[in-house]
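See structure below.
Everything numeric in this text was worked out from a predicted model, so none of it was measured. These values consider heavy atoms only, across backbone and side chains, with no hydrogens, waters or symmetry-generated copies.
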Amino acid sequence: TVARMDWLSDADVDRVSGCGPFGVILGAALQFEGWIDRFWRILPRLAPGAIAVFAHTVGVLQPPSDFVEVQRMPGSLFGDLGDFEVAVVRIPLASRAGEL
């Protein structure tokens with residue numbers, strides 16, 4: 001299943017949550033700096049135990065302790081594409097913060 005959603009929309013999160021289970025969550029340029037707490041709460045709801053892969057500005061994404069960082073790769077591995085990195089994390093089975 002592939003689903004596109006607005007991460008800031010509760011209705012979209014509810015809709016997409018019902019489409020799973022998902023094995024991978026993939027995101028790029030999500031600009032989550034202003035909503036990072038919500039971001040970490042949504043992931044276990046969408047795909048508990050799955051892998052999440054995000055391309056983002058270097059150093060911005062710091063997973064909470066209940067997420068396992070699998071790998072972090074500098075953007076330079078993919079060519080001269082700017083100041084970004086790719087982070088791969090394992091999403092915990094249950095939300096650390098409960099509902100949105």
Reported [atom1]-to-[atom2] distance for the pair [X] and [Y], which is rounded to 0.5 angstrom:
X     : Y     : atom1 : atom2 : value
Gln71 : Ile51 : CD    : CD1   : 10.5 Å
Leu46 : Arg41 : CG    : CZ    : 12.5 Å
Asp12 : Trp7  : CG    : CH2   : 11.0 Å

Taking the side chain as everything from C-beta on, heavy atoms only, tell me whether [X] gets closer than 4.5 Å to [Y].
X     : Y     : answer
Trp35 : Leu8  : yes
Ser17 : Val13 : yes
Val16 : Arg4  : no

Original post:
Got a sec, which residues hit salt bridge (Lys or Arg N to Asp or Glu O under 4.0 Å) with Asp6, two or more places apart in sequence or on another chain?
Top reply: none
Original post:
In terms of hydrophobic clustering (I, L, V, M, F, W, Y; side-chain heavy atoms under 4.5 Å; direct or indirect links), are Val68 and Leu93 co-clustered?
Top reply: no
**OP:** For Arg90, enumerate each residue passing the side chain to side chain donor-acceptor pair (under 3.5 Å) test, keeping only those at least two apart in sequence or located in another chain.
**Re:** none
Subject >> With Phe54 via ring pair (Phe, Tyr, Trp, His ring centres under 6.0 Å) - residues at least two apart >> reply: Phe39
Subject >> Ala47: partners by side-chain contact (heavy atoms from CB on, under 4.5 Å), with sequence neighbours left out >> reply: Phe22, Ile25, Ala50, Ile91
Subject >> Under the side-chain contact (heavy atoms from CB on, under 4.5 Å) test, residues paired with Gln62 that sit two or more places apart >> reply: Arg72
Subject >> Heavy-atom pair with the smallest gap, counting every atom of Met5 and Ile42 >> reply: CE-CG2, 4.3 Å
